[in-house]
Amino acid sequence: MSTAYGLAGVVLVVLATVLIGTLGVRISRTTSDFYVASRTVTPLRNASAIGGEYLSAASFLGIAGLILANGADMLWLPVGWTGGYLVLLVLVSAPLRRSGAYTLPDFAEARLESMAVRRAASVLVVLISWLYLLPQFQSAGLVLRTVAGVPVWTGGVLIAAVVAVNVLVGGMRSITLVQAFQYWLKLTALAVPIVFLLLAWRHDGAPGVSSDAPPRFPERTTVSVSTAVTVDVTEPVRVTVDGRVDGRSHDGASLTLVRGAHHIEQNTTVTFPGGASVPHVKGEPVKSDREWSIPLGGDHSLYATYSLILATFLGTMGLPHVLVRFYTNPDGRAARRTTVMVLSLLGAFYLFPALYGALGRLYTPELLMTGRTDAVVLTLPGRLVGGLGGDLLGALVTGGAVAAFLSTSSGITVSVAGVLAQDILRGGVRSFRAGTLLALAVPLALAVAARHLSVADVVGLAFAVAASTFCPLLVLGVWWRRLTVPGALAGLVAGGASAGTAVAWTIAAPPDGLAGALLAQPAAWTVPLAFTVMIVVSWCTPRRVPPGTARMMVRLHTPESLNVDRGTWRPKRV
């Protein structure tokens, strides 16, 4: 893809985002405008905005990259991320809207009448949101490096600056307009190129992935390694190297890579002959095409699949930036209609990433060697179409990727800023703006300092933490009268500590074998643990049921037309 076209796509999306966001300035004046858009957002606009912020870098880039690397097992990600809204619709969407709270900590305090539970919920909101923001900034760096060759940190800084401007000037009302626009942009950015990619694939004879051999370079291929990587070579191969391999410099010299591990330093190019087996990043699975296309083929894959399903189905209801959207609906009925529309919009979007992953397996196998499988969506238009058409399609896909980072980052920032403003600062619009800067600064610093991680993997870990903490709190808080303050606190601590430890261990030094599977996909044991602890401790402390539980349960489950207590809930300051 031409650098000029790619940068043009980035600039146009950024300008459109800023211009649309400034429309919210004229009508965003009150605290309610900044937090929940004064609860006047219609279902279709809200559903588009939810789709805009929910379809993050993991959805736009990460799913296709994981399918390219791991195959059919990763198809559960879009299924789970869509199905999570069905669980949300059935269990909590309307009661959440009727609660009258602004944020998840507001709901926790209103239901349990405890500042301790509120503080615990606030800490979890911030941690989950920062974990979700980290891959957004890293992916932004990946996109700009792919397009223009700039340093990785540049993309994160750009996205953080644009998000800060939008949130600071207009709050939730401004962000709603931006995210609704960005959903349709992202859908277009995937749907239009895939038509041309499939036509090019058909013109190439419609090759399939059915052999019993690992991926091979279809023709003589030069691979540029921009970040140092250690690869496993499965078959000896004669290559041409310009750079450093295994600590030695080579200036266009021929070199035989023997079977085993080899370290390739950054800014090195390696040219492989056609038909050579593609080296994989050390530690990544090497699958034949047939193994790649069949699910449940790896070690511990059955456990990992069920744990992934549990995390994605239950984690959606625990994502702060998703739940805050239901506080912007006029009433509970509108919240349910919004959720149904979201299911349709997400289903339409998730038809496409699997196609990009499969085409990437055929035409961009070198990404398995560089570890940049997340870039498959950006790479395919130039590889299959080429010329001016490839440049234009590449610019469109790049713009869609930037929209993904901006929309998700904006929604998460609003959620974190609201919590920081109410629970740490003094409250009000000025505190909200200060919280916005703090909400962006920490994950941006982590993204610059941390090693590159798979986008969808990190987001999946955020889902696991959300499913292990807020899912039990919301489900039991909405449907079980006997939930007590000690029970809620114990469950939050147990679920948060176990899932958080698994996340930290996986990011820092992921182990192999069964232990690696348990830590990389912890939801299968951390979610039942959190529910069990919350229920058992509540049974053991029956005297600690909040005195206002009956009144709150009536409010949560009574339609607004019959509920005389319809005012906005306000937190008590004690």
Side-chain angles (χ1 to χ4, degrees), residues 35 96 99 101-134 311 314-324 327 411-427 431-432 434-446 458-459 461-477 483-507 522-523 526-527 529-531 533-534 537 571-574:
Y35 288 156
L96 269 180
S99 71
Y102 279 142
T103 63
L104 266 172
D106 280 351
F107 172 81
E109 184 187 356
R111 172 62 179 85
L112 293 162
E113 303 173 25
S114 167
M115 284 300 294
V117 177
R118 180 189 180 92
R119 293 189 185 100
S122 298
V123 171
L124 288 169
V125 164
V126 173
L127 293 179
I128 291 171
S129 299
W130 281 347
L131 187 61
Y132 214 102
L133 273 174
L134 173 62
L314 300 183
T316 301
M317 73 173 68
L319 296 179
H321 65 293
V322 170
L323 292 180
V324 74
Y327 303 138
I412 299 173
T413 302
V414 169
S415 300
V416 179
V419 170
L420 294 175
Q422 291 195 52
D423 296 327
I424 296 178
L425 305 174
R426 297 181 178 181
S431 295
F432 180 86
T436 297
L437 298 178
L438 181 59
L440 289 167
V442 174
L444 178 60
L446 292 174
V458 178
V459 171
L461 292 173
F463 270 78
V465 176
S468 304
T469 52
F470 286 126
C471 173
L473 179 67
L474 288 169
V475 171
L476 296 179
L483 180 65
T484 66
V485 172
L489 283 173
L492 289 175
V493 172
S498 56
T501 300
V503 167
W505 205 326
T506 300
I507 292 177
T526 56
V527 173
L529 174 66
F531 268 102
V533 169
M534 205 170 282
V537 174
K572 299 177 182 178
R573 297 300 178 194
V574 295

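Computed from a prediction, not measured in an experiment: that's the story for all the values here. Excluded from the calculations below are hydrogen atoms, water molecules and symmetry mates; all remaining heavy atoms, backbone and side chain alike, are included.
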Does any part of the side chain of [Y], heavy atoms only, come nearer than 4.5 Å to the side chain of [X], both counted from C-beta?
X    : Y    : result
L127 : V465 : no
L529 : S468 : no
L314 : V475 : no

For [X] against [Y], the heavy-atom pair lying closest together:
X    : Y    : answer
A462 : Y132 : CB-CD1, 3.9 Å
L483 : A488 : CD1-N, 4.1 Å
A120 : L492 : CB-CD1, 4.1 Å
L112 : L473 : CD1-CD1, 4.0 Å
A490 : V537 : CB-CG2, 3.9 Å
C471 : M317 : SG-SD, 3.7 Å

### Message
For a side chain to side chain contact (heavy atoms under 4.5 Å, CB included) check, start with the C-alpha distance between W130 and I412, then their side-chain angles and the critical distance, and finish with the verdict.
### Response
CA-CA 8 Å; W130 281 347; I412 299 173; over 6 Å; no

Can you tell me how far the [atom1] atom of [X] sits from the [atom2] atom of [Y], to the nearest 0.5 Å?
X    : Y    : atom1 : atom2 : value
E113 : R118 : CD    : CZ    : 13.5 Å
L420 : S122 : CG    : OG    : 8.5 Å
L461 : W505 : CG    : CH2   : 14.5 Å
L133 : T413 : CG    : OG1   : 5.0 Å

### Task
Give the C-alpha distance, both sets of side-chain angles, the deciding distance and a yes or no for side chain to side chain contact (heavy atoms under 4.5 Å, CB included) between V117 and R111.
CA-CA 10 Å; V117 177; R111 172 62 179 85; over 6 Å; no

### Query
What do the steps show when you test L104 against L474 for side chain to side chain contact (heavy atoms under 4.5 Å, CB included), and what is the final call?
CA-CA 9 Å; L104 266 172; L474 288 169; 3.9 Å; yes

### Query
Between F531 and V527, does a side chain to side chain contact (heavy atoms under 4.5 Å, CB included) hold up when you go through it step by step?
CA-CA 6 Å; F531 268 102; V527 173; 3.8 Å; yes

#### Entry: Exam field: side chain S129 to backbone V126, donor-acceptor pair closer than 3.5 Å
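Pair absent, no side-chain N/O of S129 close to backbone of V126.
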
